Amino acid sequence: MEKPISTFYTRYGQALRYLIVGGLTTGINVTLFFMLTHVGMPWFTANLIAWVASVAFAFVANKVAVFHANSHSVLAVVKEALSFTALRGASLGADTVILFIGLTWLHGNPVAVKLLDQVIVIALNYLFSKKIFATA
């Protein structure tokens, strides 16, 4: 007889692993964003730098820990990386629009706007990542 925790992990393990990696990725993104804006860097530039760092981490972590993608050939990894980056670029677009509206038009609190932004970006990124690594 299977134990409830084992059954739960079998059913939802991938989503749980994604949430953990997503939390770490979000932590990298938000921390860099706030550090860079705190030293006077414009929000747009800070967001791009934070995005690059968090996407690099997320690619490796999602490939290895979340989706257990078995592709190891250089060509396959390059194809995954390009697809991953392109689709994360789409979520960067949403990220930038949300920040622009929240910070520039609405003059919102940067912490609140960035955190709201990240909730939406995480959901988009899960859907994009699942599409890439599920077919790898």
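Source: prediction; values computed, not measured. Quick note: numbers below take in every heavy atom, side chains included, and nothing from hydrogens, waters or symmetry partners.
W43 and V113 fall within a single hydrophobic cluster, where Ile, Leu, Val, Met, Phe, Trp and Tyr are joined by side-chain heavy atoms under 4.5 Å apart, directly or via other members. Hydrophobic cluster membership is shared by L92 and L115, with clusters built from Ile, Leu, Val, Met, Phe, Trp and Tyr side chains linked at under 4.5 angstrom.
Under the 3.5 Å distance criterion, the side-chain polar atoms of S83 are left unmatched by any main-chain donor or acceptor of E80.
Tested against F59 for a side chain to side chain contact (heavy atoms under 4.5 Å, CB included), the candidates T85, V77, V64 yield a single pass: V77. Of the candidates L99, V97, I98, L99 is the only one forming a side chain to side chain contact (heavy atoms under 4.5 Å, CB included) with D95.
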All N/O donor-acceptor pairs, side-chain side in residues 22-35, below 3.5 Å, sequence neighbours left out:
from	atom 1	to	atom 2	distance (Å)
T25	OG1	V21	O	2.8
T26	OG1	G22	O	2.7
N29	OD1	K114	NZ	2.8
N29	ND2	S54	OG	3.3
T31	OG1	G27	O	2.7

Sequence neighbours left out, cut at 3.5 Å: what donor-acceptor pairs do the side chains of residues 100-111 make with other protein atoms?
from	atom 1	to	atom 2	distance (Å)
T104	OG1	F100	O	3.3
H107	NE2	T104	O	3.4
N109	OD1	V111	N	2.7
N109	OD1	A112	N	3.1

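F57 meets the ring-ring contact (aromatic ring centres under 6.0 Å, His included) test with no other residue; sequence neighbours excluded. By the side chain to side chain contact (heavy atoms under 4.5 Å, CB included) test, I49 is found to be paired with L36, M41, T45, residues two or more places apart in sequence or in another chain being considered.
Looking only at side-chain heavy atoms (C-beta outward), L48 and F44 come within less than 4.5 Å of each other. Using a 4.5 Å heavy-atom threshold, the side chains of V55 and F84 count as touching.
Counting only residues at least two apart or in different chains, salt bridge (charged side-chain N to carboxylate O under 4.0 Å, His left out) contacts with residues 36-52 are absent. Each salt bridge (charged side-chain N to carboxylate O under 4.0 Å, His left out) pair with one or both residues in residues 46-59, not counting sequence neighbours, would appear here, but there are none.
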